[in-house]
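The structure appears below as structure tokens.
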Amino acid sequence: MKKARPSVRRLVAGVVLALVVTTAVSPATSSAAVTPRIDLKVLVVNDGSAPVEAIASELSAEGVPFTELDLDSATRPAVTAAYLSDKIGTTPRAKFQAVVLPNEAPAGLTADELNTLHAFERAFSIRQVNASTWAHPGVGLNYAANPGYIGTLDGITATATAEARAAELKYLDGPLPFEDADQAISESYGYLATPLAGATFKTLVGAPIPGTSETGSLIGQYTVDGREELVITFVYNEYQEQFQFVAHGIISWMTRGIHLGYERNYFAAHIDDVFLEDLRWSIDGNCTPGDGCPAGVPDNQTIRMTAADADYLKAWQTRTGMPLDMTYNAEGAATTVGTDALTDKLRTNKASFRWLNHTWSHPYMGCVQDFSVVPWKCATNSLGAIQYMPRATIATEIKKNTDWATSNGVALDRTELVTGEHSGLKTLPQMAVDNPYLAGALNDRGVKYIASDASREKQPRTIGGAVTVPRYPMNIFYNVATEAEEMDEYNWIYTSRANGGSGICEDNPATTTCIQPQSLTTGFRDYIVPLEVRIALRHVLGNDPRPHYAHQSNLAEDRILYPVLDGVLDQFGQTYAANTPLLHPTMKQSSAVLQQAIAWKTNQSKVTAYVTGTTLTVQSSSSVAVPVTVPEGTRLVGLFGSPGAAFGTAYAGERSDYKNVGGLLSGSFQLKLPAGYPAPATAPAAATTTTTTTTKNQPAEPRELREPAKVGPLRTGEVRWTSR
């Protein structure tokens with residue numbers, strides 16, 4: 001994909017929508033109707049605008065195969081009948097099952113190409129998505145001002161209509177909020193308009209038109225000239241919630257619910273340092289005593305959960321249905337019953353929690369750290385070689401923690417491990433490589449999954465017999481337990497020197513956005529919580545199984561992690577239907593999902609999939625696990641074509657799963673789609689399909705469409721303030 005760039009439509013006095021040419025697309029040449037073959041691949045005609053890039057990003061995230069046609073490329077292929085379709089033997093074949101255009105008539109396509117595309121869509125019943133356009137009769141809508149609305153959509157609540165929720169948007173509950181992350185700027189812009197009288201137009205997502213009793217369309221289905229177009233009349237980018245809420249529905253609409261790819265919503269959170277104490281931020285010193293404060297800054301009382309905090313956690317899990325993974329260090333647990341209320345409480349309620357090995361004492365498992373300089377460096381021996389924690393020491397740290405679980409009857413998956421500060425893994429600038437003894441120690445203890453920092457390494461990689469599982473850091477810091485402490489440290493990191501901050505944001509403009517200082521009293525709830533909810537929800541809605549992590553200190557005192565977790569759960573629950581539950585995978589399960597997606601991306605080109613009538617066929621000469629999404633009622637085809645079991649698992653009103661194909665056992669499998677899926681696509685008997693579009697005048701767009709800015713602060717890296 002190209003890097004997105006702004007797409008600006010310039011205001012002119014008037015526009016003449018012209019022309020047309022007759023274009024031939026001939027899926028059949030015989031006198032009898034023929035059932036064509038529709039290949040499961042999407043054509044994305046890309047002009048580099050944010051809405052097209054957003055749809056392409058969603059296709060990629062779900063694993064839907066697509067071909068990108070770059071309108072800005074001087075060497076791009078022409079859109080001809082041969083580019084779009086051909087024949088396999090005597091069977092007409094559509095090479096694409098759907099088409100995504102920047103708008104209904106992109107400037108980068110010639111009139112001949114657009115008409116050829118329309119003829120192809122008619123011949124094979126292919127749906128077209130207009131990624132972002134304006135309200136006018138050419139897309140089945142009244143001009144936005146008659147009646148209508150043109151302007152910002154920040155903060156509105158749109159609604160998925162009952163008709164849409166019975167079809168492609170069946171995973172939604174109805175209300176669809178539009179972000180208003182920064183009230184100083186317009187982030188969303190678009191048009192609200194009613195369907196044109198006489199037009200075959202079905203509103204799928206609408207909102208009240210200000211000053212009227214009418215509902216205007218934001219997303220609608222326009223049927224015209226034997227074709228179906230999805231008309232989206234607002235501008236968006238891939239990061240905005242309003243797009244993420246409807247993104248899967250856009251794919252379901254264009255593919256009629258039948259496509260390769262797999263989509264779920266995941267949210268897991270690990271709580272590091274359980275049983276240990278965490279250091280506390282100094283509001284006066286703007287540092288953490290014991291972890292980098294200059295001499296003279298007095299120590300603060302450390303932070304540790306209480307038995308009451310454990311009770312609150314258990315009750316919260318019961319109320320929300322979301323387990324938090326207790327990433328524990330057993331050195332901090334009392335060995336004698338009755339000497340530590342927290343240990344007694346967690347041990348008594350051990351079956352109520354999921355547990356993760358965080359090593360016995362939370363040591364730094366990379367190089368030996370030399371703190372005689374700032375920043376610290378790796379210690380070296382007399383020959384100048386870096387000194388690393390030995391293999392035996394790493395293995396012992398892992399084993400002692402698992403031994404504690406065994407002796408206390410705690411259920412633990414010994415193949416999962418989280419090291420302190422993700423140590424042992426390469427960490428720039430000090431450690432350019434992994435601790436060379438880490439892989440051997442992991443193998444010694446049977447570790448198959450080791451946590452890594454997603455802000456440094458988003459993709460998994462192998463270390464010995466283990467694979468890394470990237471975790472997203474939450475900006476709820478390890479060294480705070482109150483709202484005021486969190487806001488003070490946040491202000492220090494994210495405000496300029498002129499505003500009393502550290503200037504880190506000024507020194508790292510590519511990864512950190514400077515903000516105005518926020519109130520220590522209200523800033524946490526008013527600023528940090530909404531921002532962190534948006535960031536976490538972006539992962540949840542992005543088909544992303546990577547877990548998040550915070551620390552036990554955040555469950556103590558003011559319990560500041562819960563407002564963020566509740567914000568994510570509440571927003572998801574208010575937007576999504578009961579048929580689309582939020583999933584909370586273990587670390588091993590998260591890794592399995594990631595590995596499946598990576599393998600599919602690697603092997604996608606080896607697979608051929610197509611629909612003929614109501615039969616879906618998937619073929620490959622190589623062994624591949626293929627993700628398939630189909631409507632409810634789809635069944636596997638058994639021996640000799642007999643009906644088989646229902647395919648896949650139910651999610652979001654669909655059926656989906658990974659299924660192996662190719663290799664020694666079978667080079668193909670088939671699914672029987674329910675009656676009515678897809679809509680009948682019978683090639684016409686005539687040799688050609690002729691289209692004539694009359695010339696007519698249309699007014700210019702009322703104003704240019706502005707691309708929304710990415711919501712900030714968007715950070716690609718985390719400022720490291722983790723415990724040692």
Test side chain to side chain contact (heavy atoms under 4.5 Å, CB included) applied to T495 and I515, step by step: CA-CA 5 Å; T495 60; I515 66 170; 3.9 Å; yes

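- Rounding to the nearest 0.5 Å gives a distance of 7.0 Å between CD of E187 and CD of Q240.
- Of the possible polar contacts, one joining the N435 side chain to the M365 backbone as a donor-acceptor pair under 3.5 Å is found.
- Within the 3.5 Å criterion, the main-chain N or O of H358 finds a donor-acceptor partner in the side chain of N329.
- Side-chain contact annotation: N401 with T359, donor-acceptor N/O pair under 3.5 Å absent.
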Salt bridge (Lys or Arg N to Asp or Glu O under 4.0 Å) between E241 and R534, worked out: CA-CA 8 Å; E241 287 174 12; R534 285 198 302 273; 5.4 Å; no

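- Between P460 and S591 the shortest side-chain heavy-atom distance does not fall below 4.5 Å.
- Between the side chains of R414 and T406, a donor-acceptor pair is found at a separation under 3.5 Å.
- In this structure, the side chains of N357 and E416 stay at 4.5 Å or more apart for every pair of heavy atoms.
- Judged purely by atom type and a 3.5 angstrom limit, N603 has no side-chain atom pairing as donor or acceptor with the backbone of V624.
- With hydrogens and angles disregarded, no donor-acceptor distance shorter than 3.5 Å links the side chain of E489 to the backbone of A484.
- The aromatic rings of Y549 and H551 stand perpendicular to each other, their planes meeting at an angle above 60°, with 30° marking the opposite boundary.
- Contact check on R347 versus D340 returns no salt bridge, with no Lys/Arg side-chain nitrogen under 4.0 Å from an Asp/Glu carboxylate oxygen.
- For E483 and R525, the salt-bridge test passes: some basic side-chain N is under 4.0 Å from an acidic carboxylate O.
- Side-chain atoms of T427 do not come within 3.5 Å of backbone N or O of M431 as any donor-acceptor pair.
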Criterion salt bridge (Lys or Arg N to Asp or Glu O under 4.0 Å) on D444 and R391, from CA distance to verdict: CA-CA 9 Å; D444 292 343; R391 173 173 176 170; 2.7 Å; yes

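- Ring orientation note: the planes of Y328 and W404 are tilted relative to one another, at an angle of 30° to 60°.
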T306/L342 under side chain to side chain contact (heavy atoms under 4.5 Å, CB included): CA gap, chis, key distance, verdict: CA-CA 5 Å; T306 65; L342 176 63; over 6 Å; no

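- Between W376 and F371, the ring planes lie tilted relative to each other; the angle falls in the 30° to 60° range.
- No side-chain donor from either of T327 and D325 sits under 3.5 Å from a side-chain acceptor of the other.
- A donor-acceptor contact shorter than 3.5 Å links the side chain of T348 to the backbone of D344.
- A heavy-atom distance below 4.5 Å is not found between the side chains of L346 and V410.
- Rounding to the nearest 0.5 angstrom, the gap separating the CD1 atom in I398 from the CD1 atom in I394 is 7.0 Å.
- No hydrogens or angles considered: nothing links the side chains of Q552 and D272 as a donor-acceptor pair under 3.5 Å.
- At least one side-chain heavy atom of L324 sits under 4.5 Å from a side-chain heavy atom of L313.
- Atom CE of M487 and atom CG of L520 lie 7.5 Å apart (nearest 0.5 Å).
- The shortest distance between side-chain heavy atoms of T339 and T336 falls below 4.5 Å.
- A salt bridge is defined here as a Lys NZ or Arg NE, NH1 or NH2 lying under 4.0 Å from an Asp or Glu carboxylate O, and K314 with D309 fails to meet this definition.
- Side-chain atoms of V274 and L555, non-hydrogen and from C-beta on, never get closer than 4.5 Å to each other.
- Heavy-atom contacts from other residues, nucleotides or ligands closer than 6.0 Å to CD of Q459 number more than 12.
- Counted by atom type alone, D284 and S282 present zero donor-acceptor pairs between their side chains at under 3.5 Å.
- Listed for the S423 side chain is no donor-acceptor partner under 3.5 Å among the backbone atoms of T419.
- Salt bridge absent: D278 and R304 never bring a charged side-chain N and a carboxylate O closer than 4.0 Å.
- One distance of note links CG of L537 with CD of E179; it measures 8.5 Å at 0.5 Å rounding.
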Side chain to side chain contact (heavy atoms under 4.5 Å, CB included) assessment of T511 paired with N508: CA-CA 6 Å; T511 59; N508 300 276; 3.6 Å; yes

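- Closest approach of A333 to T343, counting heavy atoms only: CA-OG1, 3.5 Å.
- Ring planes of Y388 and Y437: perpendicular class, angle over 60° (limits at 30 and 60°).
- I386 and C378 get closest at one heavy-atom pair: CG2-CB, 3.9 Å.
- Using a 4.5 Å heavy-atom threshold, the side chains of P470 and L594 count as touching.
- Between the side chain of E397 and the backbone N or O of W360 there is at least one donor-acceptor pair closer than 3.5 Å.
- Side-chain contact, S352 with Q317: no donor N or O sits under 3.5 Å from an acceptor N or O.
- Listed for the N554 side chain is no donor-acceptor partner under 3.5 Å among the backbone atoms of A550.
- Under 4.0 Å is where a charged nitrogen must lie from a carboxylate oxygen, and between R354 and D413 no such pair does.
- Ring centers of Y658 and W600: at least 6.0 Å apart, outside the cut-off.
- Residues passing the ring-ring contact (aromatic ring centres under 6.0 Å, His included) test with Y266: none are found, sequence neighbours excluded.
- Side-chain contact annotation: N300 with W281, donor-acceptor N/O pair under 3.5 Å absent.
- When atom types are taken as modelled, the side chain of T468 and the backbone of R461 share a donor-acceptor pair closer than 3.5 angstrom.
- Looking at R546 and H539, their side chains never bring a donor and an acceptor atom within 3.5 Å of each other.
- Taking the charged nitrogens against the carboxylate oxygens, E557 and R280 do have a contact shorter than 4.0 Å, which makes a salt bridge.
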Side chain to side chain contact (heavy atoms under 4.5 Å, CB included) evaluation trace for Y478 with L279: CA-CA 8 Å; Y478 90 94; L279 300 173; 4.1 Å; yes

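- In terms of heavy-atom proximity, V568 sits nearest to V540 at CG1-CG2, 4.1 Å.
- Pairing each heavy atom of A61 with each of N543, the nearest pair is O-ND2, 2.9 Å.
- S452 contributes atom OG, which lies 5.5 Å from atom CD of E457 (distance to the nearest 0.5 angstrom).
- The shortest side-chain heavy-atom distance between E485 and I283 falls under the 4.5 Å cut-off.
- Separating the OG atom in S590 from the CD atom in Q595 is a distance of 11.5 Å, to the nearest 0.5 Å.
- Nearest heavy-atom pair, D453 versus P473, reported as atom, atom and distance to 0.1 Å: OD1-CD, 3.7 Å.
- Aromatic pair Y490/F524: centroids not less than 6.0 angstrom apart.
- The heavy-atom pair separating R559 from A308 by the smallest distance is NH2-O, 3.6 Å.
- Between Y472 and H548, the ring-plane angle classifies as tilted under the 30° and 60° cut-offs.
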